[in-house]
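Below is one structure, written out as structure tokens; the observations come after it.
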Amino acid sequence: MKYLPLLGTMILSASPAIADEFVYLECENKSVAITKYLKPPRITEEAVTSDIQYLKVDLVNSRFMTAENPQWDEAEVVNGAVVIDDQVTANGLTASIKANMQLDPPGRITANILELNDDYSSSIKITGVCKKVDASVFEKALNQRRDYQSSSVLCSS
């Protein structure tokens, strides 16, 4: 019985750590994509877009997801930042991704993506600023995506 208060203290002191397992972010991004067509040679296209992304970062398991694509992707969490340095090849397309997103405190996000295949090369540069939000903000964005997908399926049926 004398250990019961100690156990209660340990459980209560563990709660903040559990709450800090995830970081939720809202990121305002600007993307500049430059595409060079190789076959046949064509004029380069440039597209500039701005958007807001919502992210959920799992600090314990070093992974993240976006509300737009709610599948876990692995990432390294180093010195309070998410760091991605990856290369993927699929269906004749090679993509190289280098990204850095400040978590503690939330701040800048930068990413460089290079996509190559036999027909074109595309370079995408993303810059932005992230701020911490509550889990409910991420969940709302996730639910809006699901609602949009459901209505799109119903409309195309």
Side-chain angles (χ1 to χ4, degrees), residues 13-38 42-117 119-156:
S13 67
S15 297
I18 292 168
D20 291 337
E21 180 178 340
F22 298 105
V23 173
Y24 299 91
L25 301 169
E26 176 184 87
C27 302
E28 292 186 39
N29 303 318
K30 177 183 175 185
S31 302
V32 177
I34 299 172
T35 303
K36 296 177 184 176
Y37 294 95
L38 310 172
R42 286 186 262 164
I43 297 173
T44 300
E45 292 180 12
E46 185 173 328
V48 179
T49 58
S50 296
D51 70 339
I52 295 176
Q53 280 193 327
Y54 296 91
L55 294 99
K56 178 179 183 177
V57 181
D58 181 346
L59 298 174
V60 173
N61 297 303
S62 296
R63 59 189 186 161
F64 73 97
M65 72 168 65
T66 64
E68 186 176 86
N69 183 20
Q71 298 175 15
W72 288 112
D73 287 313
E74 291 183 23
E76 197 172 348
V77 179
V78 179
N79 297 327
V82 171
V83 178
I84 301 169
D85 188 352
D86 199 9
Q87 186 164 331
V88 179
T89 301
N91 301 325
L93 179 69
T94 300
S96 174
I97 304 160
K98 294 185 185 289
N100 188 303
M101 179 175 46
Q102 192 63 39
L103 292 176
D104 187 21
R108 292 179 38 93
I109 180 171
T110 59
N112 291 305
I113 303 167
L114 178 61
E115 297 177 341
L116 300 167
N117 70 12
D119 298 322
Y120 74 92
S121 70
S122 181
S123 172
I124 304 164
K125 296 192 182 302
I126 301 169
T127 57
V129 177
C130 300
K131 65 180 181 180
K132 200 172 198 177
V133 294
D134 291 330
S136 62
V137 174
F138 178 84
E139 293 300 325
K140 181 178 178 185
L142 185 62
N143 289 334
Q144 286 176 339
R145 176 193 169 277
R146 288 181 184 148
D147 290 347
Y148 174 77
Q149 284 184 328
S150 295
S151 65
S152 295
V153 169
L154 291 175
C155 291
S156 64

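- The heavy-atom pair separating I43 from Y37 by the smallest distance is O-CD1, 4.0 Å.
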Without placing hydrogens or testing angles, list every side-chain donor-acceptor pair under 3.5 Å for residues 83-92, not counting sequence neighbours.
unit_1: D85; atom_1: OD1; unit_2: K98; atom_2: NZ; d: 2.9
unit_1: D85; atom_1: OD2; unit_2: K98; atom_2: NZ; d: 3.2
unit_1: T89; atom_1: OG1; unit_2: T94; atom_2: OG1; d: 3.4

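- In this structure, NZ in K131 is found 11.0 Å from CG in L25, a value given to the nearest 0.5 Å.
- Put simply, CG on L114 and CD1 on I34 are 11.5 Å apart, with the number rounded to the nearest 0.5 Å.
- The environment of R42 atom CZ is dense: over 12 non-hydrogen atoms of other residues, nucleotides or ligands sit within 6.0 angstrom.
- By the 30° and 60° cut-offs, the orientation of the rings of F22 relative to W72 is parallel.
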Determine whether V23 and F138 satisfy the following criterion, side-chain contact (heavy atoms from CB on, under 4.5 Å), listing intermediate values before the conclusion.
CA-CA 10 Å; V23 173; F138 178 84; over 6 Å; no

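- Here the side chain of D134 pairs no donor or acceptor atom with the backbone of V137 at under 3.5 angstrom.
- Looking at K36 and T44, their side chains come closer than 4.5 Å, going by heavy atoms from C-beta outward.
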Cut-off 3.5 Å, no hydrogens considered: what does the side-chain donor-acceptor table look like for residues 51-62, sequence neighbours left out?
unit_1: Y54; atom_1: OH; unit_2: E26; atom_2: OE2; d: 2.9
unit_1: D58; atom_1: OD1; unit_2: V60; atom_2: N; d: 3.1
unit_1: D58; atom_1: OD1; unit_2: N61; atom_2: N; d: 3.1
unit_1: D58; atom_1: OD2; unit_2: N61; atom_2: ND2; d: 2.9
unit_1: D58; atom_1: OD2; unit_2: R63; atom_2: NE; d: 2.9
unit_1: D58; atom_1: OD2; unit_2: R63; atom_2: NH2; d: 3.3

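- Q102 places a side-chain N or O within donor-acceptor distance of the main-chain N or O of G80, the cut-off being under 3.5 Å.
- Remark: N112 CG to S123 OG distance equals 7.0 Å, nearest 0.5 Å.
- Under the 4.5 Å side-chain criterion, counting only non-hydrogen atoms from C-beta, E46 is in contact with V48.
- Within 6.0 Å of CG in N69 there are more than 12 heavy atoms belonging to other residues, nucleotides or ligands.
- We find the CD-CG distance between E76 and N100 to be 11.0 Å, quoted to the nearest 0.5 Å.
- Atom OG of S50 and atom CG of N29 lie 8.5 Å apart (nearest 0.5 Å).
- Within the model, atoms CG of N117 and CD of E115 stand 8.5 Å from one another, a figure rounded to the nearest 0.5 Å.
- No side-chain heavy atom of L142 sits under 4.5 Å from any side-chain heavy atom of M65.
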